[in-house]
Amino acid sequence: MKTLMKSVVGVLASYAVAVGMAGAQVFPSRTVELMVAFPPGGSTDVGARIVAAIAEKHLGQPMIVVNKGGAGGQVGWTDLARRKPDGYFIGYLNLPATNTVILDPERKAIFDADAFVPIINQVLDPGVVWVRADSPYKSLKDLVDAARKAPNTIRTATTGILSDDHLAILMLEEAAPGAVFRIVHLDGNATQVKEIMGGNIDVAFDNVGGIAPRVRSGEVRALVVLDTERSKFMPAVPTSKELGHPTVISNSTRGIAGPKGMPAPVVAKLADVLKKAMEDPDHIAKLEASGLGVKIMVGAEYERYYRETHEKAKKYVEWAKTRPQR
Amino acid sequence: MNSQPASHRLVESVVLACLCAVFAAATWIANGYALKDALGPGPGFFPFWLGLIGAVLSLVLLAQSWRGSAIGKVVEGLWPDRAGALRAAALLGGLALFALLLEPAGFRLTALVVTAALLVALGVRRPVAIAAFALVSSFGLFHVFYHWLKVPLPVGPFGL
Amino acid sequence: MDSVTHLLSGFAAALSPAYLAYAFAGCVFGTLIGVLPGLGPSAGTAILIPLTFKLDPTGAIIMLAAIYYGAMYGGTITSVLINVPGEAASVITCLDGHQMAKQGRGGTALGIAAIGSFIGGLVASIALALIAAPLARLALKFGPPEFFALMLLGLCLVSGLAGRSLAAALLMTVLGLLISMIGIDPVRGAPRFAFGIADLYDGLGIVPVVMGLFGIAEILITAEQPVREIIRARLSNLLPSRDEWRRSWGAIWRGTGIGFGLGLIPGIGAIVPTFMAYILEKRLSKTPERFGQGAIEGVAAPETANNAYANAAMVPFLTLGIPSSPTIAVLMGAFIVNGLTPGPFLFQERPDLVWTVIASFFVGNVILLVLNLPLVGLWAKILHVPFRYLAVGVLVFCVLGAYSLQQSAFDVWVMIGFGVIGYGFRKLDLPLAPLVLGLILGPALERSLRTSLEMSAGEYSIFFTRPLCLGLLIASAAVLVVAALKLAPKQLRQA
């Protein structure tokens with residue numbers, strides 16, 4: 001009887017040790033899910049699938065893309081904020097969209113700026129202002145002068161309420177006092193193209209990636225890139241800094257983050273794996289073919305960028321909520 | 001006139017009354033959102049009026065029902081017999097169980113248990129058929145969707 | 001004439017063994033994806049994008065396009081056989097298609113759907129090849145105010161879906177419109193009716209809702225009834241009778257017209273042409289009471305319209321680079337990742353590629369017909385599976401389908417909830433189609449109204465100063481007046 005008891009205890013003890021050791025297994029020991037807060041096929045999604053396919057090899061475990069679209073990304077980010085911070089579920093943040101969701105009180109976001117741990121940034125897509133090729137506005141100056149002469153008549157499209165385009169319009173109005181644009185919120189880049197081509201909209205604020213091919217082919221004219229340096233996808237277009245509006249800097253970034261509380265070694269491992277994937281020439285080539293510039297920011301650099309974007313967005317969100325035609 | 005038995009009228013009345021309540025609640029909630037905006041109808045405008053119209057329509061239909069004329073054709077046997085009701089309830093229960101256990105227990109385990117249970121509840125008595133069907137519906141489908149189509153499905157404890 | 005030369009060389013390329021194989025594979029994948037409820041062409045296409053990295057651009061695009069219209073037919077199969085619409089566009093097919101299946105004529109329904117789809121798709125492809133560019137530019141005139149007016153017209157046509165009681169149809173429409181307002185509103189960008197539940201912020205997904213209202217409700221209703229004889233369809237029953245042919249013929253051509261016309265306008269959504277084609281057939285029919293009970297025109301019209309729409313939607317995409325729907329947006333993503341930008345300049349720079357793709361649409365339509373028509377008998381056999389196994393199998397598929405949309409158990413609950421609601425409504429003979437119509441049109445109406453007002457800075461005159469918009473508004477008013485006149489004596493008689 002005693003020996004039986006001893007062996008039972010022995011078996012139980014070694015089982016406990018085994019389970020305990022299993023718990024302390026090396027990360028990752030199973031599939032990692034990479035969430036995109038938009039429906040499949042969009043540019044964030046395509047970029048995610050490209051990077052996941054390469055990162056898998058460095059990770060040693062499968063990495064699958066999970067789409068959780070809806071409410072301009074809010075559904076997906078809400079889910080991300082609630083997940084276990086064990087590194088098996090990470091997702092894309094689209095700044096400043098994520099920031100504006102947090103900052104707009106009416107959106108009632110359940111997460112705040114501290115809810116995420118930024119891991120690594122993939123893409124930085126600068127803002128651009130464009131018109132139809134036969135438009136009377138040949139330069140940014142033409143546009144601003146016209147907006148001053150006839151305030152609130154130029155129909156200006158964004159890709160969504162409180163998108164980076166929306167904030168960019170407000171930034172321009174701030175930098176060029178007297179200029180007032182009639183803001184029309186469309187849903188996405190394709191709708192902007194359709195309405196501009198159809199003559200229903202006069203000028204669109206968007207990002208380089210969405211419109212670079214058409215600028216290249218001459219179908220549309222880009223007036224200005226809202227960045228400090230020229231875009232390699234449209235090198236002939238001047239920047240807002242060159243044109244005398246150095247404060248009008250706007251862009252949209254896509255980076256990967258996890259829920260807060262992720263252990264530092266897990267974050268470091270993911271950052272390392274993703275960085276290798278993003279530096280892969282195949283990855284860069286595919287993204288650049290889509291007009292997206294890869295800008296890798298890791299660790300403290302990305303964290304700092306995240307906070308800065310949040311602060312900057314705060315001012316414009318408040319203004320947007322009080323403006324009569326938002 | 002489209003006359004109907006009392007039981008049918010009761011069910012109709014209950015459903016219409018519920019709908020009326022839902023519409024009224026929607027109107028009330030919509031009133032809390034802005035009805036007007038600088039440019040036109042606000043977020044509350046359409047829900048407010050739709051709720052109101054819906055409530056009125058359901059009351060109109062309710063009145064029609066009380067006066068004895070049913071909404072649509074009166075189907076023979078609105079109420080199912082006991083066996084039928086049990087079958088439908090079993091399927092519904094199985095569905096609810098599936099939805100409940102799907103994420104905590106993982107797809108394969110949940111599908112296995114629920115399909116087997118439902119087949120038994122519906123009267124299948126051949127263990128081999130049940131086992132085969134349940135296995136294909138759980139592990140089989142999982143393999144197709146997860147590994148071939150790369151559609152993420154929940155994986156529960158024990159890696160199942 | 002230049003187009004014809006291009007088209008011919010396009011054919012030569014499209015009929016090469018490799019591209020033929022891609023088109024075939026695409027049709028097969030597409031049909032399978034369409035059969036799996038919930039997965040839908042857009043998710044399926046997105047999933048297969050990485051696969052296409054390994055192929056050359058033309059081949060990849062041929063395959064993805066084939067998947068796209070293959071999936072449309074796959075959705076028909078489940079709608080007819082088990083009353084589960086794979087995506088919103090297949091809802092109308094359920095109305096008469098499934099009734100036909102219950103009467104043992106499921107094979108005929110699938111057959112006429114395949115033939116109608118083929119004709120619709122072929123005609124649309126021909127039109128695409130010949131008159132694409134000028135038509136596309138014309139379609140651009142459709143701005144937000146025109147959109148609003150068109151959706152309004154669609155709403156006014158709901159009386160065409162009413163069965164016995166117009167009031168009941170209106171009630172269901174209003175309910176659908178109201179439910180569609182759950183979620184972020186187009187005015188402030190803030191959530192409505194969400195009660196703090198994050199899953200509701202985007203509203204209720206249309207796919208889980210229709211899968212519940214039609215598919216789950218059907219299973220529950222069938223389960224209650226005592227086991228009945230499955231009407232065994234003999235092979236000869238798979239072909240439509242001469243009378244049915246005659247009736248479908250007109251429906252097919254009218255469906256083609258509606259589908260093609262609406263497909264040229266970006267952003268309409270596949271469900272609108274199917275509704276309109278169905279309602280038109282019902283209106284023109286001398287025996288409208290047959291609709292909803294298994295009228296073959298009720299299947300021929302929407303199915304043809306569906307496929308004509310899908311092929312026509314390629315027009316704004318190829319000629320102007322504007323994607324009409326989420327699935328085509330995915331296709332566009334595939335173009336872009338391969339370094340190609342659809343649009344007028346692609347026609348000039350790479351005519352070989354564009355015309356090969358256009359030629360492959362013809363080929364794809366033929367392949368679909370050849371693939372599906374013989375299989376119709378096989379698919380129809382599914383109905384012979386004993387109900388006990390069929391029901392459980394369908395339930396698992398539906399749960400899988402609903403979950404796989406967004407990896408969310410919430411969608412499964414929505415499907416179950418609407419299954420119960422659909423069950424209740426069907427017992428009381430409250431019509432479901434107007435509910436779905438309201439659900440689809442609600443967001444489109446509100447958003448286009450809002451965008452129009454933003455364009456005009458609040459001036460309502462924008463709706464009356466644009467001729468196309470004004471025309472559509474007058475048409476809506478006319479439809480309402482006619483409906484009121486028709487109904488007034490009937491209501492008085494009922495009192």
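Values reported hereafter were calculated over all heavy atoms of this structure, with side chains retained and with hydrogens, waters and symmetry mates removed.
- The aromatic rings of A:His185 and A:His166 lie perpendicular to each other, with more than 60° between the two planes, well past the 30° mark.
- Contact of A:Ser217 with chain C is made through backbone and side chain together, with heavy-atom distances under 4.5 Å.
- For C:Ile184, the part lying near chain A is the side chain, with the backbone staying farther off; criterion is any non-hydrogen pair under 4.5 Å.
- No donor-acceptor contact under 3.5 angstrom links the side chains of A:Thr100 and A:Asp104, judged on distance only.
- Of the atoms belonging to A:Leu287, not a single heavy atom falls under 4.5 Å from chain C.
- For A:Glu219, the parts lying under 4.5 angstrom from a heavy atom of chain C are both the backbone and the side chain.
- C:Phe193 and C:Phe195 have perpendicular rings, their planes meeting at more than 60° on a 0 to 90° scale where under 30° would count as parallel.
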Contacts table for residues 198-210 of chain A: side-chain donor-acceptor under 3.5 angstrom, sequence neighbours left out:
from: A:Asn200; atom 1: OD1; to: C:Arg466; atom 2: NH1; distance (Å): 3.2
from: A:Asn200; atom 1: OD1; to: C:Arg466; atom 2: NH2; distance (Å): 2.7
from: A:Asn200; atom 1: ND2; to: A:Glu195; atom 2: OE1; distance (Å): 2.8
from: A:Asp202; atom 1: OD1; to: A:Arg155; atom 2: NH2; distance (Å): 3.2
from: A:Asp202; atom 1: OD2; to: A:Arg155; atom 2: N; distance (Å): 2.8
from: A:Asp202; atom 1: OD2; to: A:Arg155; atom 2: NE; distance (Å): 3.3
from: A:Asp206; atom 1: OD2; to: A:Asn189; atom 2: ND2; distance (Å): 2.7
from: A:Asn207; atom 1: ND2; to: A:Asp125; atom 2: O; distance (Å): 3.0
from: A:Asn207; atom 1: ND2; to: A:Asp164; atom 2: OD2; distance (Å): 2.9

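- For A:Arg182, there are no salt bridge (Lys or Arg N to Asp or Glu O under 4.0 Å) partners two or more places apart in sequence or in a different chain.
- When each of C:Ala457, C:Gly321, C:Gly143 is checked for heavy-atom pairs under 4.5 Å with chain A, C:Ala457 comes out on top.
- With a 4.5 angstrom heavy-atom cutoff, A:Ala190 touches chain C via backbone and side-chain atoms both.
- Looking at C:Pro186, the atoms closer than 4.5 Å to chain A (heavy atoms on both sides) all sit in the backbone: N, CA, C or O.
- Relative to the six-membered ring of A:Phe233, A:Arg216 misses at least one condition, a distance below 6.0 Å or an angle of at most 45° to the axis.
- With chain C as the partner, the residue from A:Glu288, A:Met35, A:Lys68 showing the most heavy-atom pairs under 4.5 Å is A:Lys68.
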